[in-house]
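Presented below is the structure to which this report refers.
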Amino acid sequence: MIITNTRGTQDILPADMMYWHHIETTARSIFNIYHYQEIRTPIFEQSELFERGLGNDTDIVSKEMYTFLDKGNRSLTLRPEGTASIARAVIQHPQLTKHNQAKLYYCGPMFRYERPQAGRFRQFHQIGVENIGNAHPFTDAEVISLGLHLFDELGIPGLSVSINSVGCPVCRPVIQERLKQFIGNTLKHLCGDCNRRFDQNPLRILDCKNDTCRTYFTGLPDIHKSLCHDCKDHFNSVVEYLDSLGVPFDIDPKLVRGLDYYTKTTFEIVSDKLGAQNALCGGGRYDNLVRKMGGKDTPAVGFAFGVERAVMILKEFSEIVKREDPLIFVAPIGFNQQTRCFHLMNELRRAGLKCEMDYSKEDLKSQLKIADKMEASYCLIFGEEEAERNEIILKDFKKRSQDSHPIDHIVEILTQKITPQ
RNA sequence: GUGGACGUAGCUCAGUCGGUAGAGCACCGGAUUGUGGUUCCGGUUGUCGUGGGUUCAAUCCCCAUCGUUCACCCCA
C-alpha cells in the first residue's frame, strides 16, 4: 500500500500556489499600511495554554485538540488557533508592549480534530491580526474595516459583515439568566442540541436552525437591552464608527463565538459562496484574556481568516493573473553540443534569466515539443552549423519567428528582451 | 461525535441484472531523420480503495475498514 496524506490534510500543489502567494503578499502589504508587525509563534504549545485560554468547556478544547505527550512527559497541543499564543507571547516578552500596545499579525497552520467538510480541514491555515492594549471602540472599528479592506484588495466578492456584543463578565450572566427565564418553560419542547446548550452556552440557543425550536423564540427580549452601561456604550460607539467609515454591516444578536475569551464586540465576515461553513473571517474583543493568562489587565481585539476558504472563493469567482518570468528553453541538436549549452544555461541563470534544458533528448523536434509543453517563451537552438559559426538561433514562440545571433552576445540580447524597462 | 452519498486508467466518467473492463481528455510513438502548438495514424493505460464473506465464479451482492464528499454539532 502506498502511503497517502492523512485525513483532513492536503498537499498544496504548484498549480494553486499563485492563490496562496496572492493572499499572503496582499495581507502583508495591508497589515503594513495599518502598522501591524508579523510575529511567529510555535506550532505546538503546552496544552494548558489553550485549556486556560479558550475555556475547557469549548468544543475546541473538549474534543478537537491534537494533544500528545512528548518524551519528557509534557502535555503538548498543536495549536488550534492563534490568539492564545499571541497573548502568551505578549506576556512573556514585555518589550512587545513597551508603548502599552502591540499590533501584531501572524499566519500559519492550525490544527483541529474535526470531520472534514467543504472548507473545513484538520490542518488549515489562518492569517490573523491582534490589536493588543487598546480599549477604545475605534480599535474595534479599525480592525473590522482592516479586514474588509484586505478582502477588497484580494478581490473577494459578495461578503457581508455581522457584528454583535456578547457583553462582559458583569452583564453576560444577566443576559444568560434572562434568556434562560424566557426559554426555561418551553425547554421540553426544544431539540436535544438546545437542551444541551441551555446549560453550556444559552446564547447559542438563539442560533438553532430547528424550525419547531424557532417558533418558541418569538417575542424574545432584546439582548442588547441587557448589556451593562459600559458594554452598551462601547457597542453603540463601534456601530457609529463603522457607519461613519461607510462599512456596511448587520447587527446580529445571534452571533456568538465559540471561545470563552470574547468580550463585548464579536464579528464575522461571511460569504454566500462557501457552502455551509460560510464564515471566511471571525473575531472580536478579548479584554480579559491577557490577565487570565497571568499578564496585566490588557484589552485587545483581533480576527483571523481561513486561507483555504479565501482560496476557495478566489479560485471560483476571481481572476488572478499569473505573473511568471518568461522561460528560455535551451535545445542542443545532438549530444556533442550539450556541454556548450549546459555552460550557456549556467550563464543565463547567473544573469537572472529563467531557463531549462532537457538532458535526455538530442533531436530538435522532441525538444521543441517539450519546450511547448513547458510554455517556454523562447528557445535557444544550437547545432553543429551554429557551433561552426559561433552563433545560436533565438526562436520566439509567441511571435513564431527566429534569428541567428553571435553566441557571445546572446545573454545580453535576452536580458534586454526580458528585463522590464 | 451524528447522518447521507460516493470510491473503476494521470483527470472526468461509463459499464457488467455476478463470467477479472471501456470513452473522452492527457500521455507515448509515427507521418523522408535541424523546427513546437493544429491535423492524421498507431499504442499503453487499471491488483475496478483495502480486507473478509456468499458463490463454481465478484469490480458488480453482503459485512467491515480506510478514504472522499455533503450536512449536523461547531468553526476559519
Side-chain angles (χ1 to χ4, degrees), chain A residues 1-10 13 15 23 54 57-64 79-83 107-128 147 191-194 196-197 200-201 204-205 207-210 255-259 266 268-271 274-283 302-313 329 331-334 337 358 361-387 393-398 400-402 404:
Chain A
M1 262 309 260
I2 55 163
I3 297 172
T4 59
N5 63 316
T6 59
R7 180 163 216 209
T9 68
Q10 55 180 355
L13 302 177
I23 290 165
L54 314 193
D57 293 334
T58 58
D59 277 27
I60 290 180
V61 172
S62 64
K63 57 182 198 188
E64 295 175 1
R79 62 181 184 194
E81 58 100 57
T83 304
C107 51
M110 306 293 165
F111 306 85
R112 292 182 201 172
Y113 190 86
E114 299 184 87
R115 279 276 274 269
Q117 187 183 328
R120 167 183 289 170
F121 309 92
R122 288 183 171 178
Q123 175 177 340
F124 61 102
H125 296 76
Q126 282 189 337
I127 296 180
C191 70
D193 282 333
C194 281
R196 189 172 45 75
R197 292 177 186 122
Q200 284 184 6
N201 192 346
R204 204 163 271 294
I205 293 182
D207 208 15
C208 188
K209 290 163 189 86
N210 187 309
L255 177 59
V256 181
R257 315 239 85 243
L259 304 172
T266 56
E268 209 167 69
I269 301 178
V270 302
S271 163
L274 280 173
Q277 308 307 316
N278 63 355
L280 172 62
C281 172
F303 72 75
F305 74 93
V307 181
E308 282 82 358
R309 292 184 185 178
V311 169
M312 243 165 88
I313 302 175
F329 192 90
I333 304 170
Q337 318 306 334
D358 187 311
K361 297 281 196 301
E362 64 172 329
D363 68 296
L364 183 57
K365 192 188 188 77
S366 53
Q367 292 188 80
L368 284 170
K369 279 191 178 178
I370 290 164
D372 188 57
K373 273 182 199 125
M374 289 180 177
E375 297 178 316
S377 302
Y378 300 99
C379 186
L380 288 173
I381 300 169
F382 187 73
E384 209 168 326
E385 292 171 28
E386 288 71 28
I393 295 171
L394 172 60
K395 181 179 178 68
D396 186 323
F397 278 107
K398 305 249 156 57
R400 299 181 198 185
S401 64
Q402 62 181 53
S404 206

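Because only heavy atoms are used, hydrogens play no part in the values below, and waters and symmetry mates are left out as well, while side chains stay in. Here is how names work: the chains are called A, B, and so on, in the same order as the sequence lines, proteins then strands, and each is numbered from 1. Just so it is clear, the structure is predicted and the values come from calculations on it, not from any experiment.
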What integer number of Å spans the C1' atoms of G51(B) and C66(B)?
-> 10 Å

Quick one: does R309(A)'s side chain have a donor or acceptor within less than 3.5 Å of a partner on A279(A)'s backbone?
-> yes

When the distance from CZ of R309(A) to C1' of A76(B) is rounded to whole Å, what number comes out?
-> 4 Å

Whole angstrom is fine here: how far is it from CD in Q10(A) over to C1' in U69(B)?
-> 14 Å

For the atom pair CZ (F111(A)) and CD (E114(A)), what is the distance rounded to the nearest 0.5 Å?
-> 13.5 Å

Assign a letter to each nucleotide of nucleotides 36-47 of chain B from its 5' end: B, base within under 4.0 Å of a protein heavy atom; S, sugar-phosphate only; -, no contact.
-> BB----------

Should the pair R112(A)-E81(A) be classified as a salt bridge under the 4.0 Å nitrogen-to-oxygen rule?
-> no

Under 4.0 Å: is that the gap between some side-chain N or O of R7(A) and OP1 or OP2 of U68(B)?
-> yes

Check each of V61(A), D59(A), I60(A) against K63(A) using the side-chain contact (heavy atoms from CB on, under 4.5 Å) test, and report the only one that passes.
-> D59(A)

Could you give the distance separating A31(B) and U45(B) at their C1' atoms, to the nearest angstrom?
-> 24 Å

Apply the test side-chain contact (heavy atoms from CB on, under 4.5 Å) to residues Q337(A) and E362(A): give CA-CA distance (whole Å), side-chain angles for both, the deciding distance (0.1 Å), then the verdict.
-> CA-CA 9 Å; Q337(A) 318 306 334; E362(A) 64 172 329; over 6 Å; no

When you compare G49(B) with C41(B), how far apart are their P atoms, in angstrom units rounded to a whole number?
-> 33 Å

Any side-chain heavy-atom pair of R122(A) and T6(A) under 4.5 Å | no

Whole angstrom is fine here: how far is it from CD in Q402(A) over to C1' in U35(B)?
-> 7 Å

Sticking with atom P, work out how far C13(B) lies from G7(B), rounded to a whole angstrom.
-> 10 Å

Looking at every strand, decide which applies to E81(A) at a 4.0 Å heavy-atom threshold: base, sugar-phosphate, or nothing.
-> nothing

Rounded to the nearest 0.5 Å, what's the gap from CD on Q402(A) to CZ on F397(A)? Could you check?
-> 9.5 Å

Should S377(A) and K398(A) be marked as a side-chain contact (heavy atoms from CB on, under 4.5 Å) after you check the CA-CA gap, both sets of side-chain angles, and the distance that decides it?
-> CA-CA 6 Å; S377(A) 302; K398(A) 305 249 156 57; 3.2 Å; yes

Determine whether any donor atom in the side chain of Q277(A) lies under 3.5 Å from an acceptor atom in the base of C74(B), or the reverse, and answer yes or no.
-> yes

Using the P atoms only, state how far A21(B) lies from C25(B), rounded to an integer number of Å.
-> 23 Å

Protein-nucleotide distance (I60(A), atom CD1; G1(B), atom C1'), rounded to Å = 16 Å

Close side-chain approach of S404(A) and I393(A), heavy atoms under 4.5 Å = yes

CA sep, side-chain torsions, deciding dist, call: E308(A), Q10(A), side-chain contact (heavy atoms from CB on, under 4.5 Å) = CA-CA 10 Å; E308(A) 282 82 358; Q10(A) 55 180 355; 3.4 Å; yes

In terms of side-chain heavy atoms of R112(A), which of A76(B), G34(B), G1(B) is nearest?
-> A76(B)

Between G10(B) and U47(B) - P atom distance, rounded Å | 7 Å

Base-pairing string, 5' to 3', of RNA chain B - Watson-Crick or wobble, under 3.5 Å, | interstrand = (((((((..((((........)))).(((((.......))))).....(((((.......))))))))))))....

For C61(B) and U2(B), measure between their P atoms and round to the nearest Å.
-> 26 Å

With a non-hydrogen cut-off below 4.0 angstrom, is I393(A) in contact with a base, only sugar-phosphate, or nothing?
-> base

Identify whether any heavy atom of Q367(A) sits under 4.0 Å from a base atom; if not, whether one sits that close to sugar-phosphate; answer base, sugar-phosphate or nothing.
-> nothing

Spacing of the C1' atoms in U59(B) and G1(B) (rounded, Å) = 33 Å

Taking OH from Y113(A) and P from U2(B), how many angstroms apart are they, rounded to a whole number?
-> 11 Å

Would you say a side-chain N or O of Q117(A) is under 4.0 Å from OP1 or OP2 of A71(B)?
-> yes

Look at all strands and tell whether Q337(A) reaches a base, only sugar-phosphate, or nothing, counting heavy atoms closer than 4.0 Å.
-> nothing

Reckon R115(A) touches a base, only the sugar-phosphate, or nothing at all at heavy-atom distances under 4.0 Å?
-> base

Toward the 5' end of RNA chain B, by each residue's nearest nucleotide, G383(A) or L274(A) = G383(A)

Name the nucleic acid region contacted by E384(A), choosing base, sugar-phosphate or nothing; use a 4.0 angstrom heavy-atom cut-off, strictly under.
-> base

Around atom CG of D57(A), are there more than 12 heavy atoms of other residues, nucleotides or ligands at under 6.0 Å?
-> no

Heavy-atom nearest nucleotide on RNA chain B taken for P116(A) and for G282(A); more 5' hit belongs to P116(A)

At under 4.0 Å between heavy atoms, what does A304(A) touch on the DNA or RNA strands: base, sugar-phosphate, or nothing?
-> sugar-phosphate

Any R120(A) side-chain nitrogen or oxygen under 4.0 Å from OP1 or OP2 of C70(B) | no

What is the distance from CG of L380(A) to C1' of U35(B), rounded to the nearest Å?
-> 14 Å

Please work out if L280(A) contacts a base, only the sugar-phosphate, or nothing of the nucleic acid, heavy-atom cut-off 4.0 Å.
-> sugar-phosphate

Under 4.0 Å between any heavy atoms, over every strand shown, what does G8(A) touch: base, sugar-phosphate, or nothing? Just pick one.
-> sugar-phosphate

Dump the intermediate steps for side-chain contact (heavy atoms from CB on, under 4.5 Å) on L380(A) and L394(A), then the final yes or no.
-> CA-CA 5 Å; L380(A) 288 173; L394(A) 172 60; 3.8 Å; yes

Could you check whether G119(A) gets within reach of a base, just the sugar-phosphate, or nothing at all, counting any heavy atom under 4.0 Å?
-> base

Round to a whole Å and report the spacing from CG of L13(A) to C1' of G10(B).
-> 13 Å

Protein-nucleotide distance (R122(A), atom CZ; A76(B), atom P), rounded to Å = 18 Å

